[in-house]
Amino acid sequence: MIRTRFAPSPTGYLHIGGVRTALFNWLLARQSGGQFILRIDDTDRQRNVQAALQPILDGFRWLGLDWDEGPEADGPFAPYFQSQRGELYRRAVQQLLASGHAYRDYSTTEELQQQRREAEKAGRTFVYDRRWMAADDQQAQAFAATGRSCVVRLKMPREGECVIQDGVRGEVSVQWASEQDHVIQRADGSCLYHLASVVDDHAMQITHVVRAEEHLPNTPRQVFIAQSLGYPLPQYAHLPYVAEPGGSAKLSKRKLTKYRKNKEFQALMEHGERIAKRVRTEISEETFNPVIVDFYREIGFLPDAILNYLLLLGWALDGEREHFSREEMIKHFSLERVNKSPASFDPQKLLAMEVDWMMQLQRKRKIALVLPYLQAAGLVADPPPCEIAGLIGGVLEAAGDRVKMAGDILDFDFMFVAATDMPYDANAAAKHLQANPAACELLTKFIARLDQIEPFDPATIETAFKSFCAEHEIKVGQLIGALRVATTGQAVGFSMFETLTLLGRTETAHRIAQSIKKFRN
RNA sequence: GGCCCCUUCGUCUAGCGGUUAGGACACCGCCCUUUCACGGCGGCAGCACGGGUUCGAGUCCCGUAGGGGUCACCA
């Protein structure tokens, strides 16, 4: 039975790299009928945990990464908040103390820093001389009498090596001598992450610890803790981190300004902002950032596309197949095929993946996805009028992959406004209407022709328009631009004749007339 | 700086001793076309470097270089 866990600290947001780690853990559990556990590493903070946790849980729910045990799910090993498990950790510390694997240390932070600096200056590795280690209770009392407080440190081995069997990297060995006597319990009695993590992983019967590679250097001390406590070791696997676009450093929420210099990343952000500006009021780096999952949810990405993209960031089945549904991911995923090297986040590939998934969506589902955006932008009432689904569906179909994410429907806002509210692209109007009185003349004549088009569908309109142009001895291309601007306000868009069909005979006539009135010299 | 990890087209990757080094995204042409896209066809582009081992190395070994991670009473 495989049991995996993802252990976020409540920071208030879900990092895209974290999602990949979580996904791999989830996949491992799901493919074996095991459990995926969410455990909150809040040993360091007590306040506002719930508020800082909510965005993370929301993110998981939106992505469809369900957890079997954890916050709001409970489970046999509750509580799943480390801040509520202090007693367990303190017992482990007692055990370590009793067995001689840890000791009370009365040194001060300043003293240690001083020693570290000296070691550094002398060019040698700092090794604590255990000067303030209390060998027994008597000595502890003597140290305490001088007014010192104590922490508990691990009494790490100083010779030999620690060999870690890693599910991704294979065998990794580290000299014990390069390790420090890490603190596991603070002066105030609270315990630190490494201790808590090991204790919880064991208590919660975690079989596979799959986490980001920045934890690799921490692993020896965790192995030491586990072994000292008599725990069997979990299977470790350290995933390479997700690197920044066009770079090799770890993707970080804080480096947005730098990423903006990357053309593709910039394009993604601007795309997102274009949508966000229409559906919400405030846009700040804290809440609207492509490194955070919320960004994609807000602008209408498909969770499946994101998961699929992330899956391929560091894992491949055979280098050919790229599209995986959840079921397929679960079926095919394996740690052995996870890459060892970091993979940089590529906004363009993500977008391409999103388009692929979007194009596979059924019409009904797509309409439902897009509707909230139209409503948020004030283009469709809430509740929506029942005939609107036909229009939305038609626009979606005509737009094809121009609607890459749900929020892109707003690019076609002109299809949903009254003629009088139709926004014009100034350049397009100037070029095709204002500077082109001949086109305006012809369009006025074309209005009259509209009534003769029966049925009012793309093919018939096209035939009518083409013969209209022929009658007036011009090429279709010479007039269609003006027609487009007159009916949509835009220079570009999807098929002209489908556009007119969707608009309907009356609205088409209305828009042409209005545009000519507005722009004819 | 110490320790650890990593290194195939611009990017994500396939490759597990013998391949014209394959795919995808991006990019560039051409075709299609009423605009923008889609689509079709074609193209550009890669084994970091140096030594070994071997009949033969992208693949195994050792160095070098480069990149990265980590060195807390943070997680």
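Numbered from 1 within each chain, the chains take letters A, B, ... in sequence-line order.
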Look at the side-chain N and O atoms of [X] and state whether any lies under 4.0 Å from the OP1 or OP2 oxygen of [N].
| X | N | value |
| --- | --- | --- |
| A:S344 | B:rC12 | yes |
| A:R20 | B:rC12 | no |
| A:R221 | B:rC71 | no |
| A:N218 | B:rC71 | no |
| A:T43 | B:rA75 | yes |
| A:K349 | B:rU13 | no |

Over all strands shown, is [X] touching base, sugar-phosphate only, or nothing at heavy-atom distances under 4.0 angstrom?
| X | value |
| --- | --- |
| A:F497 | base |
| A:D188 | nothing |
| A:K250 | sugar-phosphate |
| A:R116 | sugar-phosphate |
| A:A343 | sugar-phosphate |
| A:G493 | base |
| A:V183 | sugar-phosphate |
| A:S197 | nothing |
| A:I184 | nothing |
| A:H194 | base |

>> Could you work out, with side-chain contact (heavy atoms from CB on, under 4.5 Å) as the rule, every residue matching A:T501, not counting sequence neighbours?
In response: A:P458, A:I461
With the side chain of [X] defined as its heavy atoms from C-beta on, choose the nearest nucleotide among [options].
| X | options | result |
| --- | --- | --- |
| A:D346 | B:rA14, B:rG10, B:rC73 | B:rG10 |
| A:R402 | B:rC36, B:rU35, B:rC3 | B:rC36 |
| A:S341 | B:rU11, B:rA75, B:rU7 | B:rU7 |
| A:I480 | B:rG69, B:rU34, B:rC73 | B:rU34 |
| A:Q348 | B:rU35, B:rA26, B:rU34 | B:rA26 |

> Donor-acceptor pair under 3.5 Å: do we get one between A:H182's side chain and the base of B:rA72?
Replying inline: no
> Between the side-chain atoms of A:R169 and the base atoms of B:rC5, is any donor-acceptor pair under 3.5 Å?
Replying inline: no
> With centres under 5.5 Å and planes under 30° as the test, does A:H215 stack with B:rA75?
Replying inline: yes
Hunt down the Watson-Crick or G-U wobble partner of [N], both distances under 3.5 Å, from any strand shown, or write none.
| N | answer |
| --- | --- |
| B:rC60 | B:rG52 |
| B:rC36 | none |
| B:rC27 | B:rG43 |
| B:rA65 | B:rU7 |
| B:rG1 | B:rC71 |
| B:rA14 | none |
| B:rU19 | none |

Ring pair (Phe, Tyr, Trp, His ring centres under 6.0 Å) against [X], all qualifying residues, sequence neighbours excluded:
| X | answer |
| --- | --- |
| A:F333 | A:F24, A:W315 |
| A:Y259 | A:F265 |
| A:Y128 | none |

> Who passes side-chain hydrogen bond (donor to acceptor under 3.5 Å, both in side chains) against A:E328, sequence neighbours left out?
Replying inline: A:R321, A:S325
> Can you name the residues that form a side-chain hydrogen bond (donor to acceptor under 3.5 Å, both in side chains) with A:E87, not counting sequence neighbours?
Replying inline: none
> Less than 4.0 Å between a side-chain N and a carboxylate O, is that true for A:E213 and A:R169?
Replying inline: yes
Between [X] and [Y], do the side chains contain an N or O donor and an N or O acceptor separated by less than 3.5 Å?
| X | Y | value |
| --- | --- | --- |
| A:H194 | A:Q222 | yes |
| A:S341 | A:N339 | no |
| A:H182 | A:R153 | no |

> In a check of ring pair (Phe, Tyr, Trp, His ring centres under 6.0 Å) between A:F6 and each of A:F60, A:W67, A:Y80, which one passes?
Replying inline: A:F60
Scan nucleotides 30-33 of chain B against the protein and return all N/O pairs shorter than 3.5 Å with their distances rounded to 0.1 Å.
none

List every contact pair, protein side and nucleotides 46-50 of chain B side both N or O, where the distance is under 3.5 Å.
none

> When the C1' atoms of B:rU7 and B:rU20 are considered, how many whole Å apart are they?
Replying inline: 25 Å
> Taking the P atom of each, how far is B:rC71 from B:rG15, in whole Å?
Replying inline: 33 Å
> Should we count CD of A:E120 as having more than 12 external heavy atoms under 6.0 Å?
Replying inline: no
>> Quick check on B:rC9: syn or anti? Syn means the glycosidic torsion is within 90 degrees of zero.
In response: anti
> Whole-Å distance between B:rU8 P and A:K340 NZ?
Replying inline: 13 Å
> To the nearest angstrom, how far is A:Q185 atom CD from B:rA72 atom C1'?
Replying inline: 16 Å
> How would you list, by chain and number, every residue that makes a salt bridge (Lys or Arg N to Asp or Glu O under 4.0 Å) with A:K331, sequence neighbours excluded?
Replying inline: none
>> Please enumerate all residues that pass salt bridge (Lys or Arg N to Asp or Glu O under 4.0 Å) together with A:R511, with sequence neighbours excluded.
In response: A:E507
Atom pairs and distances, side-chain donor-acceptor, residues 438-445 of chain A, under 3.5 Å, sequence neighbours left out:
unit_1 : atom_1 : unit_2 : atom_2 : d
A:T444 : OG1    : A:C440 : O      : 2.7

> Which ones in residues 306-323 of chain A lie close to RNA chain B, meaning a heavy atom under 4.0 Å from one of its atoms?
Replying inline: A:L312, A:L313, A:G314, A:A316, A:D318, A:G319, A:E320, A:E322
